[in-house]
Amino acid sequence: SAATAELQLETRGFLFEQGGTADLPRQAAEIFALFGVESCVVDIKMAFRLEPEQDDLLSYTGRLSIRDASGAFQGFPYPLRELNADITFNENEILLEDLVSRGSARSIVSMRGTVSNEAQPRVDIRLTATSLPLDLALVEAMPAEANSMMKSLFGRHGVTATAIPGRRSP
């Protein structure tokens with residue numbers, strides 16, 4: 001019978017720039033795509049295990065520590081900067097242990113949760129924000145129905161043209 005094969009990879013201080021996903025392990029590249037990461041410094045630690053006695057089942061675990069990133073989460077494209085995150089993952093799910101970043105003005109945006117890697121992916125992310133201004137960046141990140149409602153509501157209450165394009169204060 002064939003022996004189990006194991007491989008461990010570790011990289012520290014990797015400078016990632018947009019378009020550089022070919023330089024990352026596939027699993028890490030998928031996480032960067034999910035969060036729309038544009039640039040950052042990242043530490044990556046991954047372990048792979050191949051089980052020949054289980055039909056060559058490949059399992060893996062990994063950890064990403066992301067520092068000084070900018071980007072926007074795919075499901076809620078609010079621009080984030082000075083983003084720091086600790087993420088663990090395996091073949092079944094991505095666990096966002098902690099993500100803290102700056103949003104508009106002096107706002108702080110935090111996220112925790114999981115994203116499954118299964119055939120029917122599930123996203124369960126808890127997003128919290130403090131000092132979040134109700135500005136164009138926030139309104140544009142909202143789903144279409146909420147976006148339309150917010151623009152209509154603010155248009156009636158005198159939001160300036162700089163906050164919502166196409167609307168003027170009375």
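Given the structure is predicted, the values throughout are model-derived calculations rather than measurements.
Taking each heavy atom of S116 and R122 in turn, the nearest pair found is OG-N, 2.7 Å.
By the 4.5 Å heavy-atom criterion applied to side chains, L80 and M111 are counted as neighbours. No side-chain heavy atom of N84 sits less than 4.5 Å from a side-chain heavy atom of L99. A heavy-atom distance below 4.5 Å is not found between the side chains of I94 and T114. Between L96 and V115, the closest side-chain pair of non-hydrogen atoms is not below 4.5 Å. Put simply, the side chain of S110 reaches to within 4.5 Å of the side chain of T128, judged on heavy atoms. Contact check for F48 versus T61: no side-chain heavy atoms found under the 4.5 Å cut-off. When side chains are defined from C-beta on, I44 does not count as touching E10, because their heavy atoms never get closer than 4.5 Å. Counting heavy atoms from C-beta on, the side chains of S107 and P133 come closer than 4.5 Å.
With rounding to the nearest 0.5 angstrom, the CZ atom of F14 is 8.5 Å from the SG atom of C40. Taken to the nearest 0.5 Å, the CG atom of L64 stands 12.5 Å off from the NZ atom of K45. Rounding to the nearest 0.5 angstrom, the gap separating the CD atom in E17 from the CD atom in E38 is 11.5 Å.
Under a hydrophobic-cluster definition in which Ile, Leu, Val, Met, Phe, Trp and Tyr are linked whenever side-chain heavy atoms come within less than 4.5 Å, directly or via other members, V100 and F32 are assigned to different clusters. Tracing side-chain contacts under 4.5 Å through hydrophobic residues (I, L, V, M, F, W, Y), one never reaches I31 starting from L15; they form parts of separate clusters. Side-chain heavy atoms closer than 4.5 Å link hydrophobic residues (I, L, V, M, F, W, Y) into clusters, and following such links, possibly through other members, connects L132 to L127. A single hydrophobic cluster is not seen to contain both L95 and V123; linkage of ILVMFWY side chains at heavy-atom distances under 4.5 Å, directly or through other members, places them apart.
Between E97 and R63 there is a salt bridge, since a side-chain N of the basic residue sits under 4.0 Å from a carboxylate O of the acidic one. R112 has no carboxylate O lying under 4.0 Å from a charged side-chain N of D86, or vice versa, which leaves the two without a salt bridge.
Within the 3.5 Å criterion, the main-chain N or O of N92 finds a donor-acceptor partner in the side chain of N90. No donor-acceptor pair closer than 3.5 Å links the side chain of E82 to the backbone N or O of S101. The backbone N or O of F89 sits nowhere less than 3.5 Å from a side-chain atom of Y60 that would complete a donor-acceptor pair. Under the 3.5 Å distance criterion, the side-chain polar atoms of S131 are left unmatched by any main-chain donor or acceptor of R106. Checked by atom type and distance alone, the side chain of D43 never pairs as donor or acceptor with a backbone atom of I66 at under 3.5 Å.
Taking a 6.0 Å sphere around CD of E6, one finds it holds more than 12 heavy atoms contributed by other residues, nucleotides or ligands.
Side chain to side chain, E91 and S59 fail the donor-acceptor criterion of an N or O pair below 3.5 Å.
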- Task: Evaluate side-chain contact (heavy atoms from CB on, under 4.5 Å) for R49 paired with T4, printing each intermediate quantity in order.
- Result: CA-CA 7 Å; R49 183 179 179 101; T4 298; 3.8 Å; yes
